[in-house]
Amino acid sequence: MKTFTAPFRSACLGALILMGGCTILPESEPLKVFQFPTTTMQQGTTEELDLSLRINTPQAGFALSGPRILVNPEGQQLSTYRGARWSDPTPAILREHLARSFVLHGGVRTVSTDEHSLHADVQLGTDLRRFQVIYAGGPRAVIELDARVIESSTRRVLAYRTFVVEEPLQDEQVPGVVDAFGIAADRLGTELVPWALQTLRDRGTQAAR
């Protein structure tokens, strides 16, 4: 009668687990990746300030720093849409959306982001407070952003404002959620961009005195 050594028995057991892996380990859940809708910002001014503007990636807490699509079903509970995520982390998505909004609207000589590490005369710094679907009071996409226009050379805050935009869901399935966030982000841009540009015009006027 043959006696099998411990290493031999371990090797055989490992082979059996590998052969039957599909029945022992759970299958990974299917994942749908959603691109953020392209901004529909229109040109808003032909007056161009001789300034370079850098859009910094929004600062965000742990839950908002990843690519998951968040939903607040009730109370203070945060959940995510199962099997769905953004194509990039939420702060990066919002940064690119805002940068593109400034480019399309016009008003400054150049627009860049902190991804490029280029010099800029002024910066837009932000804190992302909410970027989620809220069900209390009716399902809607909510974006809350604290924004600061910063003079790069002095690090002086020229203006500060909190923006809150909401867009009701026309469809509660994930594609409808994505559309609602796109509309909300466009509304954010139509409020934030003119505000920031007016701040920069006021800065130029004060400097000329």
Side-chain angles (χ1 to χ4, degrees), residues 26 28-42 53-105 111 113-115 123-150 157 159-196:
S28 60
E29 87 178 10
L31 186 64
K32 293 183 179 180
V33 178
F34 290 86
Q35 290 185 319
F36 200 73
T38 303
T39 179
T40 59
M41 175 71 74
Q42 301 295 315
L53 171 66
R54 183 168 70 207
I55 311 300
N56 294 328
T57 304
Q59 298 295 307
F62 178 79
L64 287 168
S65 295
R68 287 293 191 174
I69 305 175
L70 297 180
V71 56
N72 180 200
E74 58 181 355
Q76 301 303 315
Q77 177 188 350
L78 274 180
S79 300
T80 61
Y81 285 94
R82 184 176 180 181
R85 52 157 285 184
W86 298 117
S87 57
D88 288 295
T90 301
I93 281 176
L94 188 55
R95 177 197 66 212
E96 295 304 315
H97 194 88
L98 290 175
R100 187 60 181 162
S101 295
F102 273 99
V103 169
L104 294 177
H105 183 280
V111 178
T113 72
D114 53 3
E115 285 284 285
Q123 304 173 38
L124 179 71
T126 56
D127 296 304
L128 184 58
R129 302 299 183 189
R130 288 186 293 173
F131 198 99
Q132 61 218 52
V133 169
I134 293 180
Y135 268 80
R140 61 202 187 277
V142 177
I143 303 174
E144 181 177 351
L145 189 74
D146 296 339
R148 297 174 298 279
V149 179
I150 304 166
V157 176
Y160 175 92
R161 180 176 166 183
T162 296
F163 295 86
V164 180
V165 293
E166 301 183 359
E167 179 62 29
L169 300 188
Q170 301 301 318
D171 180 358
E172 295 182 29
Q173 299 301 309
V174 176
V177 169
V178 171
D179 291 340
F181 271 116
I183 296 171
D186 275 345
R187 290 181 54 200
L188 173 65
T190 59
E191 295 180 22
L192 188 151
V193 173
W195 166 78

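Note that the coordinates shown come from a computational prediction; the quantities given were computed from them, not determined experimentally. Position 1 is the first residue of the sequence, and the numbers go up from there.
- Remark: Glu144 engages Arg130 in a salt bridge, criterion side-chain N to carboxylate O under 4.0 Å.
- Between the side chain of Thr39 and the main chain of His97, no donor-acceptor pair closer than 3.5 Å is present.
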Requested in this report: In sequence, state the C-alpha distance, the side-chain angles, and the governing distance for Phe181 and Phe34, and then conclude on side-chain contact (heavy atoms from CB on, under 4.5 Å).
Outcome: CA-CA 12 Å; Phe181 271 116; Phe34 290 86; over 6 Å; no
Give the table of side-chain donor-acceptor pairs shorter than 3.5 Å for residues 161-174, with sequence neighbours excluded, one pair per line with atom names and distance.
residue	atom	partner	partner atom	Å
Thr162	OG1	Asp146	OD1	2.7
Glu166	OE1	Arg140	NE	2.8
Asp171	OD1	Gln173	N	2.9
Glu172	OE1	Tyr135	OH	3.0

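- A distance of 8.5 Å separates OG in Ser65 from CG in Leu128, rounded to the nearest 0.5 Å.
- From Arg68, atom CZ reaches atom CH2 of Trp86 across 13.0 Å, with rounding to the nearest 0.5 Å.
- The two residues Thr57 and Pro91 have their closest heavy-atom pair at CG2-CB, 3.7 Å.
- The distance from the CD atom of Gln59 to the CZ atom of Arg129 is 10.0 Å, given to the nearest 0.5 Å.
- Taking a 6.0 Å sphere around CD of Gln42, one finds it holds 12 or fewer heavy atoms contributed by other residues, nucleotides or ligands.
- Taking both residues in full, the closest heavy atoms of Ala99 and Thr113 are given as CB-CG2, 3.8 Å, listed atom of the first, atom of the second, then distance.
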Requested in this report: Could you check Asn56 against Arg95 for side-chain contact (heavy atoms from CB on, under 4.5 Å), going step by step and ending with a plain yes or no?
Outcome: CA-CA 7 Å; Asn56 294 328; Arg95 177 197 66 212; over 6 Å; no
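- Between the NE2 atom of His105 and the CG atom of Leu192 there is a distance of 11.0 Å, given to the nearest 0.5 Å.
- Side-chain N or O atoms of Thr80 include none that pairs as donor or acceptor with a backbone N or O of Leu70 at under 3.5 Å.
- The CG atom of Leu53 lies 8.5 Å from the CD atom of Gln123; values are rounded to the nearest 0.5 Å.
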Report task. Run the numbers on Val149 and Trp195 for side-chain contact (heavy atoms from CB on, under 4.5 Å), then give the verdict. Result -> CA-CA 10 Å; Val149 179; Trp195 166 78; 3.8 Å; yes
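- Arg148 contributes no side-chain N or O that, together with a main-chain N or O of Leu124, makes up a donor-acceptor pair within less than 3.5 Å.
- Between the CG atom in Leu64 and the CG atom in Leu78 there is a gap of 7.5 Å [rounded to 0.5 Å].
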Report task. Might you work through the side-chain contact (heavy atoms from CB on, under 4.5 Å) test for Leu145 and Leu94, ending with a clear yes or no? Result -> CA-CA 10 Å; Leu145 189 74; Leu94 188 55; 4.0 Å; yes
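- Between Arg85 and Leu31, the closest heavy-atom pair is CD-CD2, 3.6 Å.
- Across every non-hydrogen atom of Gly189 and Pro194, the tightest pair is O-CD, 3.7 Å.
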